[in-house]
Amino acid sequence: MEQYEGKSIYNGIAIGKIWFYEKSEQQVKRVKIDNADEEIKRYEKAKEIAIAQLNQLYDKAVTDVGEANAMIFEVHAMMLEDADYNDSVYNIIQTENVNAEYAVATTGDNFSVMFAEMEDEYFKARSADVKDISERVIAALAGVDTDAGDMDEPVIVVAEDLAPSETVQMDKTKLLGFVTRLGSSNSHTAILARTMNIPALIGVDIDSSWNNKMAIIDGRKGLLYVEPDEVTLAAYKAEQKKDEEARELLKNLKGLPDETLDGKHIKLYANIGSVADVANVLANDAAGIGLFRSEFLYLEKTDYPTEEEQFAIYKTVAQNMAGRKVVIRTLDIGADKQVDYFNMDKEENPAMGYRAIRICLDRIDIFKTQLRALYRASAFGNIAIMFPMIISLSEVKRIKEICEDIKAELKENGIEYGEVELGVMIETPAAVMISDELAKEVDFFSIGTNDLTQYTLAIDRQNSKLDSIYDSHHPAVLKMIKMVADNGHAEGIWVGICGELASDTTLTETFIKMGIDELSVSPGYVLPIRKIIRQTRRGK
Ligand code: PEP
Ligand code: MG
């Protein structure tokens, strides 16, 4: 038995045979041609086939994983229509009198290098996409179907890397899990894995000799076992069976109150990034939304979302949640979330740089547009607003003044708005240390343990080399959570956690005993946490 470590993308156990997936990288030869016009026609036809495939993939992905995750295929189809890309292919065919395959491969390589060298993270990420689309066209030119082949039996897919197009094409009923050497936890592929509830590991030192061998993915510990021994296999099979039974049993918890044995009610909410996620929130019976990461609306666009666009989205979410609480976080961009139309300078230290509320208080027009949309939507449901990356009392006072201005404007124009709770995220050590003062100013605190861990331990949360010491259970982090709960309660406000730590079932009891009032988790974690809440007694 061999054991390997990787970074877990999705919790869970997968047991099965490995299918070592190798991309059929097509060997492209440079061939002289006589008729450039004919060759361009061949290219145009292959491009049409590729676009038709991408449209089909888009439709499949919308059904399987929702519109937001399917967008990548729309982007690929658009890239194939890009004038610069097409001009490059035509030029190479015409000036060098060469075959379309060679022109597409050369264009793909050139564009890929160009994107990879760009500073903007969004464009950097397009480097892999442009290779992906070029390979698709080359396959169409050769009359080959690139789409990941049919898997005969359920398998664990092991690959160097997986493009989103490959992941989504795999038959979900036959995909037990996947393991890759490359990729990051923020890649589209990782997002798809989580959305599809597939155990997955990245950063594993893979080997093609594993093909057809038995393996186990342990997504909880980030481990891969190849050719596990009988004892390990039996233990994981038993654990997997227990997981399945537990999942079935959890369904019985739908509709039950989130209440401890001694009667403390916990607000058990879910985190979302788009309107499409609301269905998952409702299916898992969350009592509300504790974190709507509104920046994803900005990340998906090529220009600033207008007040009307934002209003429509916030209103839809509020209405669908039918009176349940919806906590919307204002724009939290910067650091790893770069939006090119904001035209921000490159920074030496972006996690500690120009981001989140700092941008909003600097570029008030953007902030006010969002706040107006939020207040208008508040007439249609139970909206609360929270502000990220707070470090000072003066920031909060300024935010409250701006909110008052917005309300006054709306009133003057006869536009309705509802009662809106205002809260702050506690995700910097500074906010923790002044939480006694902040608590006097707001209606609630929501602790962002992802950033709080990063800033408390001085460990970049994006750095995969430091994953093993990025420890949200560090006593410094836990003591801070307790301090925030106490300071919040001293002023009579509710205190929640919306970082990933809220989903950590090993800490649910601890949080309840600390007095935490709200836990906001990925929709899939709502029922497991409900179970623990209902078995917990706060004690003395
Ligand atoms: C956090 O920092 O814990 C948080 C919830 O915000 P994000 O992960 O979006 O930075
Ligand atoms: Mg954060």
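A quick note: this is a predicted structure, and the numbers were derived from the prediction, not measured. Every number for a ligand or one of its atoms is a count from 1 in the order of the listing.
- The Mg ion (ligand 2) has an N, O or S atom of Glu427 closer than 2.8 Å.
- Neither the backbone nor the side chain of Gln454 has any atom closer than 4.0 Å to an atom of ligand 1 (non-hydrogen atoms only).
- Checking side-chain atoms of Asp277 against main-chain N and O of Ser274 turns up a donor-acceptor pair under 3.5 Å.
- The 12-atom threshold is exceeded at CE of Met79, counting heavy atoms of other residues, nucleotides or ligands nearer than 6.0 Å.
- Between Tyr304 and Phe342, the ring center distance clears the sub-6.0 Å criterion.
- No other N/O/S atom of Asp451 lies as close to the Mg ion (ligand 2) as OD2 does.
- Proximity of Leu291 to ligand 1, defined as any heavy-atom pair under 4.0 Å, is confined to the side chain (atoms from C-beta onward).
- Looking at heavy atoms from C-beta onward, Met425 lies out of side-chain contact with Ile390 at the 4.5 angstrom threshold.
- Nearest to atom 10 (O) of ligand 1 by heavy-atom distance, out of Arg461, Met425, Arg355, Arg329, is Arg461.
- Val420 is listed as a side-chain neighbour of Tyr375, based on a closest heavy-atom distance under 4.5 Å.
- Proximity annotation for atom 5 (C) of ligand 1: of Glu500, Arg293, Glu427, Arg293 comes nearest, heavy atoms only.
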